[in-house]
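Reading through the structure tokens given below for one structure.
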Amino acid sequence: MTSRPVRDDHEPVTTNGTIALVNLSAQIDSLATQGQRADSTTLFAVAQQAVLVDLLALRGHLLGRVADYEHAAQLAERLVCEAPGDSIALLARARTRATLHRFAEAMTDLDAAGRAGAAQATLDGERAAILQAVGCYAEAQLLLRKAAPHQSDFTMLSALAVLQAERHETAEAEQVFGEARRSYRGVSPFPLAQLDFRRGVMWMREGDLPAARAWFEAARRRVPGYAPATGHLAEVDLLLGDPEAAVAHLRPLVETSDDPEYSSHLALVLRVAGRYQEAQQWRDRAAERYDELVLRHPEAYADHAADFWLMVGSNVDRGIQLALQTLVMRQTTRSYALVQRARAASNQPAHHTP
Amino acid sequence: MADHFSGPRILFDPASDITDIFAFPSPDRPGRLVIVLDAFPAAAPTALFSDAITYRLRVRPVAQAAEGAAFTVGGTEYAFDFTFAVPGQVPGSDEPVQIGTCTAPNGEHVLFRVGDETPTEAEGLRIFAGPRLDPFFINLTGVLATDATEKLAFQPDAVNTLQGMNVLSIVIEVDTQAVFGPDSSPLFGVVGETVTSGGRPVRLERMGRPEIKNVVLASKKFDPVNSDIEIRDLYNEEDAFAVRQDYAGAYRARFNANLAFFDRLDGEAVWPPDDQGTHPLTELLLADFLVVDVSKPFSEDSCFEIETALLAGREHATCGGRAPNDDIVDTIYTLLVNGIDGPRISDGVDSATRPATHQFPYLAAPNPTPPDLMTVFAALSAPPEPGAEA
């Protein structure tokens with residue numbers, strides 16, 4: 001295991017992350033939709049609403065805001081109701097459904113978008129992302145190759161790098177991550193921050209914590225407050241034996257994000273730091289929020305909630321139940337591993353908070 | 001819309017999206033050239049200039065070509081580069097303040113504060129940057145309906161689609177004698193660009209004449225050569241003063257096809273193509289820069305006048321260029337559909353709700369509560385049936 005320094009000869013200049021986030025919100029505000037409307041079916045209005053859906057999903061990812069994902073999903077549902085034969089509307093809904101892990105429905109939308117005239121390369125790219133998410137790597141790669149000539153170099157190389165990372169082809173992925181970075185031509189910091197984040201995830205999975213840490217830091221330098229990168233950075237710091245640093249990363253996140261992942265992590269690191277009473281407050285907050293989200297979006301949150309109940313939540317039965325629910329919805333390697341972990345935990349004495 | 005949302009790539013980078021370029025002699029200080037670059041369509045009050053972009057205004061002397069309806073472009077270029085810092089706090093204020101720098105053609109740096117209503121003065125220059133009311137006005141419903149029905153579909157007393165919206169503006173007033181030199185030509189070509197800062201510069205957007213991308217080039221349905229290409233993203237990458245020859249054929253094909261469509265709109269052809277199928281306006285419009293004559297007095301209805309005079313083989317009578325209150329949608333439809341001296345076509349929106357002023361920085365103050373775009377776009381009614389002609 002060798003740590004790789006975050007260094008690249010070509011360091012793209014992008015808009016300051018704070019400016020970009022302010023402008024992203026300004027753009028969302030200017031596109032903000034109003035209530036129920038039945039007359040937004042003109043071509044231009046559909047296109048603008050689809051942009052709004054994508055911008056909300058982007059902000060949801062960057063800031064860890066489930067509310068933005070939900071808003072995007074609602075808008076996309078309404079858009080398809082108003083313009084059921086419009087490929088742009090169907091593509092937008094497919095993306096929001098995929099974000100909330102409703103993969104089968106997303107695929108159905110992509111089929112419908114194809115019948116409504118969406119470009120094959122676009123459909124291939126979207127389908128590849130879904131297939132990758134459910135672990136069908138070979139099929140995803142095939143579609144990525146088909147879509148490649150029609151995509152920008154950055155889009156194509158980023159998708160390929162992430163796919164190789166998930167297949168544990170780290171040497172090849174490292175090279176393609178670098179190529180993707182060098183091919184970037186825009187000034188928005190978001191695509192690069194996302195790329196750096198995924199590179200960090202790869203090294204975290206491979207157990208190279210210093211490399212992972214460096215890429216998560218790079219993503220955060222690009223976009224301050226980037227929630228997934230910050231959350232993972234806290235995990236890495238905890239694994240590297242620095243729970244106080246992890247607490248410092250997570251504190252601002254639990255204030256700005258409504259994703260229970262971060263309050264759950266904060267509870268965990270506070271426990272490790274011996275601050276049990278404080279930990280309990282965040283554990284309770286996470287438990288309440290996971291219950292809400294599992295009810296509303298089981299496909300997206302059942303597995304995270306299972307993880308939570310098996311660890312910080314200290315309710316193995318609930319963890320097993322959710323792990324099995326996940327397996328019913330998705331028979332992926334991760335789902336099987338989750339069930340295995342749940343079963344192992346049930347054979348051990350339950351965790352108790354002091 | 002003049003250049004708002006001009007291409008799919010720009011949609012996710014609003015700070016680089018140029019909405020309009022204006023170039024006109026100053027109404028209150030004759031002999032000075034005013035250039036305005038507007039960016040960030042439908043900017044919410046919190047919108048900021050990007051610190052990774054150079055907002056560039058390029059000026060070159062131009063002259064009538066010896067042959068044909070075209071301009072020759074001089075080799076000397078006067079460029080004004082505007083860059084912006086990350087906003088910082090000013091003592092005694094809660095609001096973050098963004099500082100900008102203008103790099104003049106002589107390399108001098110002029111610092112200014114974004115949103116400062118007092119113009120920043122430097123040797124031969126006056127500068128403003130900040131949010132302003134979008135001066136552009138258009139009946140977008142009618143434009144979309146015209147494209148959909150292939151008939152002129154403008155209605156009188158239509159509503160300005162951009163009413164109440166804001167943009168981020170950069171305004172510069174240049175003493176051409178002092179900055180360009182005493183012997184500089186009075187006739188200039190002007191373009192605005194957004195270019196990546198740092199490293200190898202990449203052109204993100206550029207604009208010369210209004211509505212070239214969104215009205216003339218956008219439609220793919222008539223293009224017999226590249227009907228599947230979103231040509232506006234490519235066109236945005238071009239140097240307006242020297243289009244890449246690799247792509248010039250694609251642009252010409254789109255211009256020829258779409259200009260012929262406009263000429264057919266009233267059922268009467270006024271622009272017969274040559275035996276190669278080339279539309280008489282193609283070469284002129286492909287060289288996409290505003291042409292302004294600073295020796296002429298300020299005028300608010302002179303956009304395209306220098307070009308049309310050239311086509312008609314007469315001397316131009318006005319400053320040309322483009323002023324914020326110029327009704328260019330009417331002008332361009334009239335030129336494309338009815339020819340040089342044809343009857344005026346109206347899109348039904350003849351002025352901005354709050355017209356631009358004749359004092360620096362010329363554009364009206366921003367609307368503190370701009371409408372959201374969805375309200376505007378959702379209100380765009382379905383295209384009327386063919387037959388609802390202007």
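Residue numbering restarts at 1 for every chain, and letters A, B, ... go by the order of the sequence lines.
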### Task
Decide if atom OH of B:Tyr247 counts as having more than 12 heavy atoms of other residues, nucleotides or ligands within a radius under 6.0 Å.
no
### Message
So for atom CZ, which belongs to B:Arg113, do other residues, nucleotides or ligands contribute more than 12 heavy atoms lying within a distance under 6.0 Å?
### Response
no
### Task
Name the region of A:Thr18, side chain, backbone, both or neither, that has any atom closer than 4.5 Å to a heavy atom of chain B.
neither
### Query
So, do A:Val13 and B:Thr196 sit near enough that their side-chain heavy atoms are less than 4.5 Å apart?
no
### Task
Answer whether the closest heavy-atom distance between the side chains of B:Thr46 and A:Ser25 falls below 4.5 Å.
no
### Message
Under 4.5 Å from any heavy atom of chain A, what part of B:Phe40 do you find: side chain, backbone, both or neither?
### Response
side chain
## Note on the structure
Cut-off 4.5 Å, heavy atoms of chain A, and the answer for B:Val202 is side chain
### Summary
Heavy-atom closest pair (B:Ala85 atom, A:Ile19 atom, distance to 0.1 Å) is O-CD1, 4.2 Å
### Task
Please check if the side chain of B:Asp372 supplies one atom and the backbone of A:Ser30 the other of a donor-acceptor pair under 3.5 Å.
no
### Task
For each of B:Ser197, B:Pro41, B:Pro96, tally heavy-atom pairs with chain A at distances under 4.5 Å, and name the one with the top tally.
B:Ser197
### Query
Between B:Ala15, B:Ala52, B:Pro45, B:Ser50, which residue shows the highest count of heavy-atom pairs closer than 4.5 Å to chain A?
B:Ala52
### Spacing of CG belonging to A:Asn23 relative to CZ belonging to B:Phe49, to within rounding of 0.5 Å
10.0 Å
### Message
If you apply the rule side chain to side chain contact (heavy atoms under 4.5 Å, CB included), what do you find for A:Arg185 with B:Leu204, and how did you get there?
### Response
CA-CA 9 Å; A:Arg185 294 288 175 267; B:Leu204 301 166; over 6 Å; no
